[in-house]
2 protein chains.
Amino acid sequence: MSTGGRAGANLGAVRSHNAALVLGLLRDAGAEGISRLELAERTGLTPQAVSKITARLREQGFAAQAGRRASTGGKPRTVLRLVPEAGHAVGVHLDRDELRAVLVDLDGAVVAQRRAELDLGAGATTVLGVLARAVEELVGQALGLGDDGALAGAATLLGVGVALPGPLDHVRGVLHRVTGFPEWDGFALRDVLQARLGVAVVVDKDTNAAALGLSVRGEGGSGSFAYLHLGTGLGAGLVIGGSVHRGARTGAGEFGHQVIQLDGPLCECGNRGCVEVLCLGAVGRGEPAEAARVLGVAAANLVGLLDIDAVLLGGRTVAGAPQVYVRGVGDVLAARARREGMPGGAVPVRVAQGGEGLVAEGAAQLLLGRLFGRGDA
Amino acid sequence: MSTGGRAGANLGAVRSHNAALVLGLLRDAGAEGISRLELAERTGLTPQAVSKITARLREQGFAAQAGRRASTGGKPRTVLRLVPEAGHAVGVHLDRDELRAVLVDLDGAVVAQRRAELDLGAGATTVLGVLARAVEELVGQALGLGDDGALAGAATLLGVGVALPGPLDHVRGVLHRVTGFPEWDGFALRDVLQARLGVAVVVDKDTNAAALGLSVRGEGGSGSFAYLHLGTGLGAGLVIGGSVHRGARTGAGEFGHQVIQLDGPLCECGNRGCVEVLCLGAVGRGEPAEAARVLGVAAANLVGLLDIDAVLLGGRTVAGAPQVYVRGVGDVLAARARREGMPGGAVPVRVAQGGEGLVAEGAAQLLLGRLFGRGDA
DNA sequence: TGCACTTTGGCAACAGCGTTGCGAAAGTAG
DNA sequence: CTACTTTCGCAACGCTGTTGCCAAAGTGCA
C-alpha cells in the first residue's frame, strides 16, 4: 500500500522535533550565535514557544546565552549558541589498509584523532581489537572513562559511527561483503561492536558518510547533491532533500558500475562499459582529461535523473589534479545545460573540502544527526 | 546550511498529520474497512486517540461505520471505512493531440470522464478554452455547479490537477517549454487556470502524475520505484520513499537522455548515445528485443544509483509487446543482480496497469494527496 | 438459562505542548 | 528625564494525545 509505516505524532514527538530543529539552527549559526526571534522566524513557531524550548535546552546544557546584538531601537536581542562540549561522537573510517578515528563535539569539530595501520584481511578478531582499542584510547584521553574503564562512563558520548567500503545493510548493521575480503560476508558488525564497546554503534558505507559530512558542513547547498569519489574505485554518496539517500538495501550510490558504453570493455564486476573501468582506464593511461570527460558524462546522467543542486568531487585521483576534473566534469554538465536550456544554468561542480578526515567525521555525524533531527531509519 | 527550511510543529500540525495518516489508512483499507484498533497499531497511537480522530473524521463526513468484524471472544470490532463521495478532484492529461479529463472521488475511483481532440499548438486561448469547458462540464454533470455556474459551487471539489509533457516548474506552476511548441515558453499555467476556474490548480509532468497514480494504487510496493514510459519519447517518473521525487527544478526523471553509449548516434537533444535515440531507433528498425535490452541497461543504471524496489513499464510501445519488454529489461536486471550477489535477488519488472487513464488519474491525485498527507512542496 | 470472561470503545480527568495576553526589562531618541 | 521601541518571561488558555475507569457486546462453560 502507498501509506507505508508512517508514525503518528504525539506531544513527545512534537517536543523532540522542535528541540531538534532549534538545535540544528543553533549549530548552523556557529560561533556567531542566533537570537530567539530569528529562531522563531525560521521555525515558524511563536517567539514564546522558542523561549520555552531554548530554556529547556539551556537546562539540559545544550545551549547557552552568548552576549547580545546591537540594539535596533529597543532592547537588544540576546544571542544563543550551542554548547559544543555537551555532546561527543566517535567516527571511524575503516579502510583497506588503515583506520582513522576522530572524536568530534556537537559542532562537528575534531577534538582528538588517531590513525592506525590495518589489514582488513587479518580477520575479525584482530581488526575489531585494533578498532576497539583506538576508540577507547581516543575517548579515554579526551573525555575520561568510567571507573570500570568502560566507554559508557563518558557521559557526553553519544556513540560510535563506523564507515567502510563495500555493500552493507545500514539498518541492521550487517556487512554483505567487503570487496576482496570474503571473510567479512554477513558479519554483524553493528551488534558485535555494540556489545563490545557498550555504546550505540551505527554502520554505513564510506561514501555515504562522506556525503553526510559534506551536507552538515553546508557544502552542496541546502538541498540535494552528489559526492563522487574517485580513488581505487569509483563510488557516490547521494544527499536528497537534506538527508542521505541509501535505498531500501543501502545499495544506492552504485555509481561506478553505471554503464555508459554499451558492449564496451569488460569491467571486473562482469559488466561491460561501466564508468569505473572507462574512467580508471583513462587514468591508468595517463589521460586525466578523458577520465574527467567520462566521469562528466556519468555525472550528467545522474544530474538529469535526480535534478540535484551540486556535484562534489573527492578521492585521491581527484586530489592529484583537481582542476582537470572540475573543469572536465563541469564542461560536460555545462554543455548539456546549454542544449536543454535549463533554468538557472548548469549545476556547479566543486572539489569536496575536508580531505583525509572527511569520511571519519561524516561517520561521527551518523550519531550527531539524531540530536539534530536527522535520524535515519 | 544543512538544516533547510524545515518547519516547527504545533498542535494544529499534529492534528492534521494524524488525521491525514488515518485517512490514508482508511483509503488503503478499501471496501473492507479497518477497525480502530488496527489503526492504533499501524499509527502507533493509543486506541483512545484513534477514537477521537475518527470521531472528528466522522463528523466531517470523511469516515463512517461499516459493519463489524467477527468476534474473537469479546466485543466485535467496529469497522470504519472512507466515505468516497466526501471529496472529489479533477485530473487532466494534456497531451500533444488530445485532452483527457477525469473526475475521481476520495478512493481514486473515476466518477466521470471526458475526452477531446486538441492541438497543443493552437495557442493558449484555444487550449485553455477547451480545457476549462471540459472541466466545467465534467464537474457540472456529476456534482452540480453553484448558482452562478462556478466550479467553486461544487462543495466537495478539492481542485484540478493538470499533467502535461515537457519541462515545467511544479512549485510555481509555470511551463518552461513544451517540446515542439515554443509558444508555451514561460506560460504561468497554474495561476492563469486558477484565476479562470476559481479552484485550486496543480501542474506537473505527465510521467510524475503517472508515477503518483501507480504509487497510490500500491503498485511498486510501499517504498520506491521508477515508472518508465516508452511512447513517442522516453521518460521516467520516480517515487522515492513513497513520494514523487521532482528535484529542485522539477527536472528529475530525465531518463531518456541518459547517455549509455559514449560518442554514439546523435540524439535530437544534441547529445550522443542517449537511451532514447538508441531505444527508439531499435523500435523503428523492428527490433523490440534490442530496444528492451537497451532500456534494460539504462534501467539497471537507475536501479543501481537509487536502489529502488521495482521498475514499472508503460507507454504505447510497451503496450504493443509487453512481454518482450518485461522480459528484456528483467533479464538485464537479473544478470546484474546475479553478478553482484544482491540480497533479495533482482528488482522486479512489471507492466504498469491502468492504461490510458493513468496520467489523468494521477493528476487528480496531486490534489487528493494533500488530504492524505502527501502534500508536495 | 445464567454467570464468568474477554474485548471493544466511550467518558472524564489529566499532563504537556504551543499560543495568547500582558507587563517588566533594557535599550534608543529627543 | 520622558516617550517610545523592542525583547522576553509569567500566567492563563486551548487543544493535543494519554490514562483510568466503566458500560456495551460478544463468547464459552456450567
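Reminder, nothing fancy here: chain letters follow the sequence lines and each chain counts from 1. Values below: all heavy atoms of this structure, side chains included; hydrogens, waters and symmetry mates excluded.
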With a cut-off of less than 4.0 Å, is there a side-chain N or O of B:Arg68 near OP1 or OP2 of D:dG26?
yes
I'd like to know if the side chain of B:Thr250 reaches the main chain of B:His170, judged simply by a donor and an acceptor atom lying under 3.5 Å from each other, with no hydrogens or angles considered.
yes
Between P on C:dC11 and NZ on B:Lys52, what's the gap in Å once rounded to a whole number?
10 Å
Any side-chain N or O of A:Asn10 below 4.0 angstrom from OP1/OP2 of D:dT16?
no
Side-chain N or O of A:Thr78 less than 4.0 angstrom from OP1 or OP2 on D:dC8?
yes
Any A:Ser51 side-chain N or O less than 4.0 Å from OP1/OP2 of D:dC8
no
B:Arg56 near the nucleic acid: base, sugar-phosphate alone, or nothing, with a heavy-atom cut-off under 4.0 Å?
sugar-phosphate
May I have the distance from A:Leu39 (atom CG) to D:dT7 (atom C1'), rounded to whole angstrom?
14 Å
Given atom CD of A:Gln65 and atom C1' of C:dA25, what is their separation to the nearest angstrom?
14 Å
Nucleotide nearest B:Ala49 (side chain, heavy atoms from C-beta), chosen from C:dT7, D:dT18, D:dT16
D:dT18
What nucleotide, of C:dG10, D:dT7, C:dT7, holds the atom closest to the side chain of A:Arg77?
D:dT7
Do any side-chain nitrogens or oxygens of A:Thr46 fall under 4.0 Å of OP1 or OP2 in C:dG18?
no
Under 4.0 angstrom between B:Arg36 side-chain N/O and C:dG10 OP1 or OP2:
yes
Is it the case that C:dC11 (base atoms only) and B:Gln48 (side chain only) share a donor and an acceptor within less than 3.5 Å, ignoring hydrogens and angles?
yes
